[in-house]
There are 2 protein chains.
Amino acid sequence: MTGSKNNPGPTGKALGLLKEVIALHGKPFHPETISKKTGVPVANLYRYLNSFLEARLLIHPARGEYLPHPSFLSLLSTLTSKEVLDRVIRPKLERLVRILPTTLHFGVLESEMVTYLIKVSPKGQMLFTKENMQLEAYCSSIGKVLLAAMQDADIKIYLEGDSFPALTRYTITDPERIKAEILKTRQRGYGIDDREIHEDLFCLAVPVVSTLGETIGAISAASNLGDLLAKDIDLTLKELRAVAKNVGSVF
Amino acid sequence: MTGSKNNPGPTGKALGLLKEVIALHGKPFHPETISKKTGVPVANLYRYLNSFLEARLLIHPARGEYLPHPSFLSLLSTLTSKEVLDRVIRPKLERLVRILPTTLHFGVLESEMVTYLIKVSPKGQMLFTKENMQLEAYCSSIGKVLLAAMQDADIKIYLEGDSFPALTRYTITDPERIKAEILKTRQRGYGIDDREIHEDLFCLAVPVVSTLGETIGAISAASNLGDLLAKDIDLTLKELRAVAKNVGSVF
DNA sequence: TAGCTATTCTCATTAATTGGGAATAACCTC
DNA sequence: GAGGTTATTCCCAATTAATGAGAATAGCTA
């Protein structure tokens with residue numbers, strides 16, 4: 001719950017400018033352009049910039065050039081975005097696994113492949129996946145969810161660019177059918193992998209959506225084919241969705 | 001020249017808090033402790049925090065826990081502190097090399113070794129050094145300057161911890177004499193390497209000091225022994241100091 | 001459920017930010 | 001070195017937002 005009503009803090013425009021400047025990556029800073037883009041009057045631009053310089057968040061090596069301060073970069077370099085995701089999401093999956101005894105994954109899309117950042121298994125259950133492993137997106141439940149969250153144009157590029165080998169006899173390999181599967185995934189809001197990666201594996205996945213509506217990853221529950229009865233699917237989805245919503249609200 | 005008089009921007013206390021929170025690395029955030037440490041009243045702590053949450057600079061995954069927002073980390077991860085140093089300092093060395101035809105280096109201390117981040121040579125001059133190369137600190141001019149900037153206690157640790165092999169017959173290897181050399185370097189404000197790394201090499205180095213007084217690195221001028229006449233030493237030092245001062249004022 | 005503590009709220013007072021445009025200063029080119 | 005360009009600072013009064021202490025609340029843990 002951010003954004004108190006009666007007690008505003010310092011203006012957010014200044015902080016937006018900070019990100020704007022960082023995103024420039026040292027490319028020339030044109031006051032008029034930035035002013036128009038952000039709606040911040042020129043006079044204020046420089047007031048903000050000076051605040052950032054004083055706070056040693058930025059440096060100002062030359063006219064029209066602003067860069068992140070090396071000491072600030074060092075401070076942040078001790079933590080990566082993946083580590084933050086891990087810290088936030090892992091405990092929630094560990095709580096979930098106690099009431100939903102399936103192997104849980106959290107994965108993100110990286111250059112058209114799914115990276116499994118987190119794996120949490122119930123006692124005794126073994127699965128071939130490993131953390132930081134990359135798998136094809138088109139045949140995994142997490143991958144389907146993440147593909148479904150992409151722009152149509154990007155999906156098109158994905159379908160045209162890759163080849164889609166079959167990992168089992170159930171793998172969908174025809175681009176047209178993959179596209180249909182992605183659209184179906186988008187429409188129903190969750191992804192299914194039914195023996196498409198492994199003959200004995202059934203997975204369900206739901207997206208993790210940030211407060212801004214971006215899909216930042218997906219959570220999946222995997223189990224051996226026999227374990228997950230049809231009547232459990234609704235329950236599994238319900239629990240997955242609850243955690244995904246809870247996780248997403250943080251970002 | 002930061003810090004305008006008549007036109008203050010948004011308060012710097014909020015920005016100080018941002019760095020404070022990031023430096024916590026997700027360790028529990030105790031409002032009373034932070035309030036006492038930073039002098040910011042508790043009510044304001046939360047106002048600032050909420051601003052940072054709204055700006056998506058921080059996330060708030062749990063009570064008493066604040067972490068950098070992954071998207072913010074990603075934004076910054078495209079730039080490293082070394083790259084920023086490079087961008088700022090290299091052009092200044094390239095300008096200097098035209099009037100001071102010696103090989104110029106900028107180096108920093110990393111785990112008791114000197115890392116040569118930047119090398120700029122005049123046409124035709126060859127030197128064995130390479131960028132990103134690491135060399136021993138005790139026998140290089142940059143190293144001596146950086147050691148001289150350390151706390152006495154840390155110098156003591158350095159002298160006790162390492163062994164000091166001789167690279168030439170001029171290398172100072174006795175810890176007591178190294179210590180004396182460091183103190184001499186500190187006192188006169190510049191470092192000399194007279195054939196201690198290489199039989200044919202003579203170097204001068206001066207510290208790069210930030211606006212807060214921290215020594216963030218050193219700049220050296222290296223030349224083959226015959227090239228640098230005694231009467232040139234003063235000129236070289238003068239030019240090195242000018243650039244070092246100019247560079248340091250950015251940070 | 002109780003107990004601890006992080007977090008928000010209230011409200012009047014105070015102090016800082018705001019913004020447009022003119023003035024300045026730094027850089028680049030000739 | 002001089003001139004032109006543009007980033008940066010300055011000026012001002014009106015407006016608006018920040019401030020701070022303590023009470024109230026809400027969320028976690030045992």
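Note that these values count all heavy atoms, side chains included, but never hydrogens, waters or copies made by symmetry. Here the structure is a predicted model, which means the values were calculated and not measured. By convention in this document, chain letters (A, B, ...) are assigned in the order of the sequence lines, proteins followed by strands, and residues within each chain are numbered from 1.
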Completion exercise
Winner on side-chain proximity to A/Ala43, out of D/dT8, D/dC10, C/dT7, is D/dC10
Practice task
May I have the distance from A/His30 (atom NE2) to D/dT8 (atom C1'), rounded to whole angstrom?
Solution key: 14 Å
Practice task
Walk me through it: do B/Asn50 and B/Arg47 pass the test side chain to side chain donor-acceptor pair (under 3.5 Å)?
Solution key: CA-CA 5 Å; B/Asn50 279 326; B/Arg47 286 195 262 248; over 6 Å; no
Practice task
Go through the steps for B/Glu110 and B/Lys82 under the test salt bridge (charged side-chain N to carboxylate O under 4.0 Å, His left out), then give the verdict.
Solution key: CA-CA 12 Å; B/Glu110 287 185 326; B/Lys82 284 184 185 178; 3.1 Å; yes
Problem - Presence of donor-acceptor pair under 3.5 Å, side chain of A/Arg63 and base of D/dT8 - result: no
Problem - B/Tyr48 vs C/dT8: side-chain N/O to OP1/OP2 distance below 4.0 Å - result: no
Practice task
For A/Tyr66 and C/dA26, give me the distance from atom OH to atom P, rounded to whole Å.
Solution key: 13 Å
Practice task
Measure from the side-chain N and O atoms of A/Gln125 to the backbone N and O of A/Thr103, and report whether any donor-acceptor pair falls under 3.5 Å.
Solution key: yes
Problem - Residue pair B/Leu15 / A/Ala55: nearest heavy atoms and the distance that separates them - result: CB-CB, 3.7 Å
Handout entry: Salt bridge present between B/Glu131 and B/Arg90 (N-O < 4.0 angstrom)
Key = yes
Practice task
Write down the distance between OH (B/Tyr46) and P (D/dA24), rounded to a whole number of angstrom.
Solution key: 18 Å
Practice task
Starting at atom CG of A/Leu49, determine the distance to atom C1' of D/dA7, rounded to an integer number of angstrom.
Solution key: 11 Å
Exercise for the section: Write down the distance between CG (A/Leu45) and C1' (C/dG21), rounded to a whole number of angstrom. Expected result: 15 Å
Exercise for the section: Could you check how far CZ of A/Arg47 sits from P of D/dT16, rounded to whole Å? Expected result: 16 Å
Problem - N or O in side chain of A/His60 less than 4.0 angstrom from D/dA7 OP1/OP2 - result: no
Completion exercise
By nearest-heavy-atom nucleotide on DNA chain C, the more 5' of B/Ala62 and A/Gly39 is B/Ala62
Handout entry: Value in whole Å for how far the P atom of C/dG19 lies from NZ of A/Lys36
Key = 17 Å
Handout entry: Along DNA chain D (nearest heavy atom to each residue), the more 5'-positioned of A/Glu65 and B/Asn44
Key = A/Glu65
Practice task
Could you state the atom-to-atom distance from CD of A/Glu32 to P of D/dT8 in whole Å?
Solution key: 11 Å
